[in-house]
Asker: 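Have a look at the structure that comes next, please.
Here the structure is a predicted model, which is why all the values come from computation and not from measurement. The chains referred to below are lettered A, B, ... by the order of the sequence lines, with proteins before strands, and numbering in each begins at 1.
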2 protein chains.
Amino acid sequence: MSAIADVARLAGVAKATASRALSGRGYVSIETRAKVIAAARQIGYVASPNAASLVTGRTQSVGVIIPYISRWFFGEVLESLELALLEQGYDMTLYNLPPASPERDRVFEFFLARKRFDGIISVCVELSEQEVEHLHQLRRPLVGIGGPIRGVATIEIDDVAAARLATEHLLSLGHRDIVHVGGSQVDEMDFQVHSNRLRGFEAAMTAAGLPVSGCFYSSEFTTPGGYARGLAVLGDPRRRPTAIFAASDEIAFGLILAARELGIRVPTELSVIGIDGHPHAEMFRLTTLAQHPRMQGELAVRTLLAGLASGSSVGASAVLPTSLIIRSSTSAPRMLRGLGAQ
Amino acid sequence: MSAIADVARLAGVAKATASRALSGRGYVSIETRAKVIAAARQIGYVASPNAASLVTGRTQSVGVIIPYISRWFFGEVLESLELALLEQGYDMTLYNLPPASPERDRVFEFFLARKRFDGIISVCVELSEQEVEHLHQLRRPLVGIGGPIRGVATIEIDDVAAARLATEHLLSLGHRDIVHVGGSQVDEMDFQVHSNRLRGFEAAMTAAGLPVSGCFYSSEFTTPGGYARGLAVLGDPRRRPTAIFAASDEIAFGLILAARELGIRVPTELSVIGIDGHPHAEMFRLTTLAQHPRMQGELAVRTLLAGLASGSSVGASAVLPTSLIIRSSTSAPRMLRGLGAQ
DNA sequence: AGATTTCATGGAACCGGTTCCATGCCTGCC
DNA sequence: GGCAGGCATGGAACCGGTTCCATGAAATCT
């Protein structure tokens, strides 16, 4: 409703002066500034960033592209991004881009090209060369979460190391018959998360002198996905592993539910470890390698805004820590226990 | 980068003509339009809605306020809102406003007042009189999901009826000792969902001639919340109900987990029914009263855009249907079964 | 054929801010 | 005392679109 011209008129100054007083740039006397601020408050004036963006090029808004909203990791990242941006006065505009979204091209060619954003944060979206090119043409800072993009600052965890640590935890307990249930490399856009976790698993197994062939089963990254896979993998008693490394906590929950349903005791007969640090892990007593999505979100915002302030396009990438949280879904395999007890 | 003036120059026409050709408003000859469109494509021109919004007042952007992102219902609503808005060319800017958010006032007084949105969708946010007033002052259409706001179109389900139906399902199976586990009215902003579901429960119980005092237990609206409450409520065998009506599927999952842990068989010894239609319900074989958050999101967008087109501020409210999905978490109580078998 | 419409286009104003530039005052310094 | 420089302010241009208005040509009507 009210424009800066109204504020200026009410305060008895020129538009230019009102603008300087409110934005804090340029010379304004203390009294004038007070007058202008009082006038602005009186008529409930809030500046339109759209109008300002025309001349400054700054929109006070950031675009976020993300493949899922409901899955835990993404929900957490989103909440932390929103909060961090809000604190800095930025709006967050959200584009949900699931793997095979028909809207994908339109988002890159139309929505993101509308000069609406000061920067873009891409959360675990596997970008094609062409899409990266599109984004770079916007000449805006770009930060990735969860995986590398060419020429872009990235906030991530070391998925290979995390998977390796998780697997080594099982190995150190004495397990030799270990299976990895993780994301498929073909079905979903995986942003290298799936394959990195598989590589970490294989590295740990190989280092322990164990074979890896036939030890991987794919699953949707969800609890029902893990459950379905669990029923299949654990259904045959003769070929049952003593431990499973799940690529995510949500998969692990499903595996535990399947095991319970099949009457397999966890951890006595089956150890399960996940990756994430999901809040439900406590309830399932799940041993997990916790990552910290909120930290990743906050750091991504800091990196983006730093790039914005400095004008440099590429900020510093960061690899965030993970931590092993041992609960009671993992233990030594029964066989060994028996031996130990003798 | 490129502005409409560049397009006009390249096409050899005036800015005004280029604008008309691209927007499709006003008279332009077919050949001229083709020329302009070709020129625009050639230099990769995408109009800046920010610039356009200055004169048209339309921003092609909608603000959404929502208390949670991770909880299932909200995630689903969000995904459907984003998709529906995207299809219509609108951006979705997200404000996450958990119950006791310290950012709350700033969002209403600053962020939402920036003239950035053509309309606002409020998802299950309990608004104070003052906040409603603030929103109305923006003179923009406003649509609520999940509960009534004064003078605003609302998309919702009938929570009282849904709770009543769920309870009646248990009653019709022969249960008499039924407990309701739902949200607290004090702890969280509840948008009347909690109290409405409690009212529906009490209405059904009273109609069946059963007492309601002592039959309600509060819980966080999450699986761990239901789990904790389940351990407490089901822990004492002497005071154990034969059936529980959970206010959400996520609570119900927790209750089922707690029951399993206590060695209580579902549904033989305990029936559980929820509300939601959560995708995990299949895995838990949970009987539930399904609502359809995606329908609610789509309808909210349709209502908002209709209000936008017509210029009328208040659209039509709608009450969406729910459907009872019977799985095997509910059955007749054991006692009756025994009788029936005789 | 002359008078209206309808169509097509260009020029210019405008939306709401920011910023450049010019102006004038006051202070400090040589 | 005159001049340079810092401070405070106003006028005007500008950002990138849309739209009003004027103009002229072609089509339609009387």
Asker: Can you tell me if A:Y45 touches the phosphate of C:dG17, counting only side-chain N or O atoms and a distance under 4.0 Å to OP1 or OP2?
Answerer: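 Affirmative; the distance criterion is met.
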Asker: Any donor-acceptor pair under 3.5 Å linking the side-chain atoms of A:Q296 with those of A:Q291?
Answerer: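 Checked: A:Q291/A:Q296 side chains pair up, N/O donor to acceptor below 3.5 Å.
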Asker: Give the nucleotide from the list C:dG17, D:dG17, C:dG16 with an atom nearest to the side chain of B:L54.
Answerer: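 Nearest to the side chain of B:L54 among the choices is C:dG16.
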Asker: Using a 4.0 Å heavy-atom cut-off across all strands, classify A:T56 as base, sugar-phosphate, or nothing.
Answerer: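 Sugar-phosphate, no base atom in range.
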Asker: Would you work out how much the helix from C:dA1-D:dT30 to C:dC30-D:dG1 bends between its ends, with each end axis defined by five base pairs, to 10 degrees?
Answerer: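 Both end axes considered, the difference amounts to 40°.
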Asker: Hey, are B:D91 and A:R116 close enough for a salt bridge, meaning a charged N less than 4.0 Å from a carboxylate O?
Answerer: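 Salt bridge between B:D91 and A:R116, a charged N being under 4.0 Å from a carboxylate O: yes.
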Asker: Is it true that a side-chain atom of B:D6 and a backbone atom of B:S2 form a donor plus acceptor pair closer than 3.5 Å?
Answerer: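 The answer is no, because no donor-acceptor pair under 3.5 Å joins these two groups.
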Asker: Donor-acceptor pairs under 3.5 angstrom involving side-chain atoms of residues 96-103 of chain A: please list them, not counting sequence neighbours.
Answerer:
from, atom 1, to, atom 2, distance (Å)
A:N96, ND2, A:I66, O, 3.1
A:N96, ND2, A:P67, O, 3.1
A:S101, OG, A:E103, N, 3.1
A:E103, OE1, A:R106, NH1, 2.9

Asker: Parallel, tilted or perpendicular for B:Y95 and B:F117, by the 30°/60° rule?
Answerer: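 Perpendicular, since the angle between the ring planes exceeds 60°.
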Asker: Give every donor-acceptor pair under 3.5 Å between a side-chain atom in residues 35-48 of chain A and any protein atom, sequence neighbours left out.
Answerer:
from, atom 1, to, atom 2, distance (Å)
A:S48, OG, A:N50, N, 3.4
A:S48, OG, A:A51, N, 3.2

Asker: Let me have the donor-acceptor pairs involving side chains of residues 13-26 of chain A, under 3.5 Å, with sequence neighbours excluded, atom names and distances please.
Answerer:
from, atom 1, to, atom 2, distance (Å)
A:S23, OG, A:S19, O, 2.9
A:S23, OG, A:R25, N, 3.4

Asker: Which whole-number value in Å describes the distance from B:R9 CZ to D:dG16 P?
Answerer: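 From B:R9 CZ to D:dG16 P: 11 Å.
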Asker: Among residues at least two apart in sequence or on other chains, which ones pass ring pair (Phe, Tyr, Trp, His ring centres under 6.0 Å) with A:F74?
Answerer: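 With neighbours one apart ignored, the set is A:Y68.
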Asker: Which whole-number value in Å describes the distance from B:I4 CD1 to D:dG17 P?
Answerer: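 After rounding, the reported distance stands at 6 Å.
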Asker: So what does B:S19 hit on the nucleic acid, given a heavy-atom distance under 4.0 Å: a base, only sugar-phosphate, or nothing?
Answerer: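 Result for B:S19 = base.
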Asker: Report, as a single string ordered 5' to 3', how protein heavy atoms within less than 4.0 Å touch nucleotides 5-14 of chain D: B base, S sugar-phosphate only, - not at all.
Answerer: --SBBBB---
